[in-house]
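One structure below.
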Amino acid sequence: MIMKRDYESRIQKLLSRMTIEEKIGQLQQCGPSLVGAFDVSFEELLNMMFDGRISQEEFGRLMSTAEQDYHEEDLRAGRIGSYNGVGDAATANRLQKIAVEETRLGIPLLFGYDVIHGFRTVMPIPLAESCAWEPELWEKTGRIAAKEATAAGIHMTFAPMVDVARDARWGRISEGAGEDVLLNGAYGAAKVRGFQSDDLSRENAMAACVKHFAAYGAGEAGRDYNRVDMSLQRLWEEYLPPYKACVDAGARAVMPAFNDINGLPCSVNRWLLRDILREKWGFNGMVISDANAIAECVNHGIAADRKEAARQAILAGMDMDMTSNSYIECLQELVESGEVPEYVLDEAAGDVLRLKFELGLFDHPYRTTADREQNTLLRPEYRAVAREAAIKSTVLLKNDNNILPLKRETRVALFGALAADKGQMTGAWAVGAKAEDCVSMVEAFAARGLCWRYCGPDADEAALQAAAETSDVLVAAVGEMKEESGEAASRADITVNAEQMTLIRKLASTGKPVIVVLFNGRPLAIPELHELAAAVVEAWHPGVEAGNAILDILCGDVNPSGKLTATFPAATGQCPMYYAHINTGRPGGKSKFTSKYLDAPIEPLYPFGYGLSYTTYAYTGRKVEKREDGIHVFVSVTNTGGRDGEEIVQCYIQQMTGRRVRPVRQLKDFTKISLKAGETKMVTFVIPYAGLSYYDWEMKEVPGEGIVKIYVGGDSQAELAGQAAL
Ligand code: BGC
């Protein structure tokens, strides 16, 4: 738990010395702008890269030669309180020196950055890491990210993202812990602990900024930034709990989402930012807008101009303006005219100052040095954790006839451009990543002394056939490019693309077993690939240790244990697809008039919670008992195979009746246990009665009542353990 110190009198004292302009300056976050070498805007340059007019390498080259404008005159004038996107110690310290020594009051700067899944030691993408179902791991990788990022001068990360994501078309499903409410909360809280440690003033602690508040993952049709229109009951039951879990874990910043909820954009939503966040949940940290989001309220059509947007945002409780310049340009007039009372400005500036005090910036404005930066980034022990995380994130989706693990003498032919593409291994939102840090599958194969060959994307038909003929198994690395997930990367078709499918078909037609390794940032709809492959290994975008971790699994040095945290649909048209759906009056079934599609199965391709292992587990002795503190659930899990392993045991409930319809299953608890071959362990879960409450039609919280069924097992289709009458 975070140690809280009281800075209120210092904040008030400082505020009393500040001019209105200086207070507004504290609310301004700006990013460096690019100047120089090219005559197109940065946005256009980005577009050029995304639509393929220039290559990623070309983009990188232009960026590295471009000069950055840090708006130093504004900084000196006290018009900047924070930067976004400064990620090196030298620049951070140089700018900090200007703030501390050359501004009238010497208030230090706050540096924010997107440290989403590691900084330089890039860890698996969050969706991948969530498949480890291991809070200790999530915290540990968060701690490493904080050590590296703070060494590079960063004070706050725009993470964790805990947007429950149930539509795999949404590209940002890659940035969070998937579709489940409980898992997102557990993941987010662990990240908060990892980023912040127990004392934010430590030089290697960084503030967590929980995002995107709220329900950004529920955008209509999975299209990014799209409207969210949902019942308040659903919002409270299925979307808000993970943000609350992060606030309870002590997160010191929150970022409202781009989207509107029921017609009101989150950036100007007083109910969210004041009534819920501050009053109900007791949050007294800083609220920072998403990039340009305040100005975008004009596009939403909720404000006529930026001034009106600024007024609505600050009144709603938005403290800091990320890069839209709405506050810096409009607030002064609004305060002077009385449209925004000065105490509202004081509260907002006070929230920013509080965070700066908590980070210890007034006493130690330079929290790092270039030396520390150099000695910290990419340390071998961090790489070791990245490898552990990538292993634990990997989900074995299919393994016919135990084709995996590979035997030492097996001859392997490796295919697919992704097998050699180091830069693709980090996935979306790896801002501090360098391609040369990453280990590709090709490099990892080469390092192992196996009998293998690589048949790259340029190889012709004859080369492919020859490789297949002289090998025992064919390994194909396919999936998505990292640009195909993350922000502004929604897809209307979440299959593996035609070129890659052609490769898989060709390989399968040779009659040799095909092992598919998937690199992707979202669940994919791949029923044909599943049919053609003998084994499917979901590696996601695994980070810097990609190749090593995948080879550890393929060769059987470790036993895979990851389980899916997002459902894999069998067809894109099934989206949104998630296990915790409701039943309807006509649950999908064989007969005609039931809830289903004519041209897609009812079932997913791979359900939530699913994942195979090189061993097998048997669940016996399931039992349920009602006790005073809650429903106790017991089960024995035996490792019935020949290898040691780790199993993720999951406990679900179903409330059979309610005053509003209840989901067919809800994850209520989980644990990961290690079992030696032949070993049995007893697992107990306790489901407190309070955890069964929900909202009725009138939005009153009501306790669970009637029959509750409890299911325990290794995935969301777990068997019934028993039931309890409440
Ligand atoms: C994203 C945020 C991110 C911010 C800052 C926005 O476009 O939505 O998640 O933290 O940029 O870079």
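Counting convention: from 1, in listed order, for ligands and their atoms alike.
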Do the charged groups of Arg169 and Asp167 touch, with an N to O distance under 4.0 Å? yes

of all protein heavy atoms, closest to atom 5 (C) of ligand 1 is Asp114 OD2, 3.1 Å

Proximity flag Met161 to ligand 1, non-hydrogen atoms under 4.0 Å: no

Residues 90-100 side chain polar contacts: donor-acceptor under 3.5 Å, at least two apart:
{"from": "Thr91", "atom 1": "OG1", "to": "Asp88", "atom 2": "OD1", "distance (Å)": "2.8"}
{"from": "Thr91", "atom 1": "OG1", "to": "Asp88", "atom 2": "OD2", "distance (Å)": "2.7"}
{"from": "Asn93", "atom 1": "ND2", "to": "Thr368", "atom 2": "O", "distance (Å)": "3.0"}
{"from": "Arg94", "atom 1": "NH1", "to": "Glu72", "atom 2": "OE2", "distance (Å)": "3.1"}
{"from": "Arg94", "atom 1": "NH2", "to": "Glu72", "atom 2": "OE2", "distance (Å)": "3.3"}
{"from": "Gln96", "atom 1": "OE1", "to": "Leu109", "atom 2": "N", "distance (Å)": "2.6"}
{"from": "Gln96", "atom 1": "NE2", "to": "Leu109", "atom 2": "O", "distance (Å)": "3.2"}
{"from": "Gln96", "atom 1": "NE2", "to": "Pro365", "atom 2": "O", "distance (Å)": "3.0"}
{"from": "Lys97", "atom 1": "NZ", "to": "Glu101", "atom 2": "OE1", "distance (Å)": "3.4"}

For atom 4 (C) of ligand 1, the closest protein heavy atom turns out to be Asp290 OD1, 3.4 Å

Going by the 4.0 angstrom heavy-atom rule, the piece of Met322 near ligand 1 is side chain

Has Arg306 got a side-chain atom pairing as donor or acceptor with Ser324's backbone, closer than 3.5 angstrom? yes

Answer yes or no: are there more than 12 heavy-atom neighbours, outside Arg202 itself, under 6.0 Å from its atom CZ? yes

Sequence neighbours excluded, the answer for side-chain contact (heavy atoms from CB on, under 4.5 Å) partners of Asn259 is Tyr216, Val228, Ala257, Ile261, Cys266

The residue among Arg491, Gln424, His541 that forms side chain to side chain donor-acceptor pair (under 3.5 Å) with Glu480 is Arg491

Ranked by distance from atom 7 (O) of ligand 1, the top protein heavy atom is Glu487 OE1, 2.7 Å

In ligand 1, the atoms that come under 4.0 Å of a heavy atom of Asn84 are 5 (C), 12 (O)

| Is there a heavy atom in Phe258 that sits closer than 4.0 Å to ligand 1? | yes

- Message: I'd like to know whether Ser201 forms a side chain to side chain donor-acceptor pair (under 3.5 Å) with Asp199, so could you lay out the CA-CA distance, the side-chain angles of the two residues, the decisive distance to 0.1 Å, and finally the verdict.
- Response: CA-CA 5 Å; Ser201 71; Asp199 181 358; 2.9 Å; yes

One finds that the ligand 1 atoms under 4.0 Å from a non-hydrogen atom of Met255 are 10 (O)

Ligand 1 atoms nearer than 4.0 angstrom to some heavy atom of His212 are 2 (C), 8 (O), 9 (O)

Note: Glu175, heavy atoms under 4.0 Å from ligand 1, region reported as neither

For Phe158, the ligand 1 atoms with a heavy-atom partner under 4.0 Å come out as 10 (O)

Margin query: Which label fits Phe119 and Tyr113: parallel for a plane angle under 30°, tilted from 30 to 60°, or perpendicular past 60°?
Written below: perpendicular

For Lys211, the ligand 1 atoms with a heavy-atom partner under 4.0 Å come out as 2 (C), 3 (C), 9 (O), 10 (O)

Ligand 1 to Arg172 polar contact by distance, N or O atoms, under 3.5 Å: yes

So for Gln29 against ligand 1, with non-hydrogen atoms under 4.0 Å, the contacting part is neither

Distance only, no hydrogens: is a donor on one side chain within 3.5 Å (strictly under) of an acceptor on the other, for Gln312 and Glu308?
-> yes

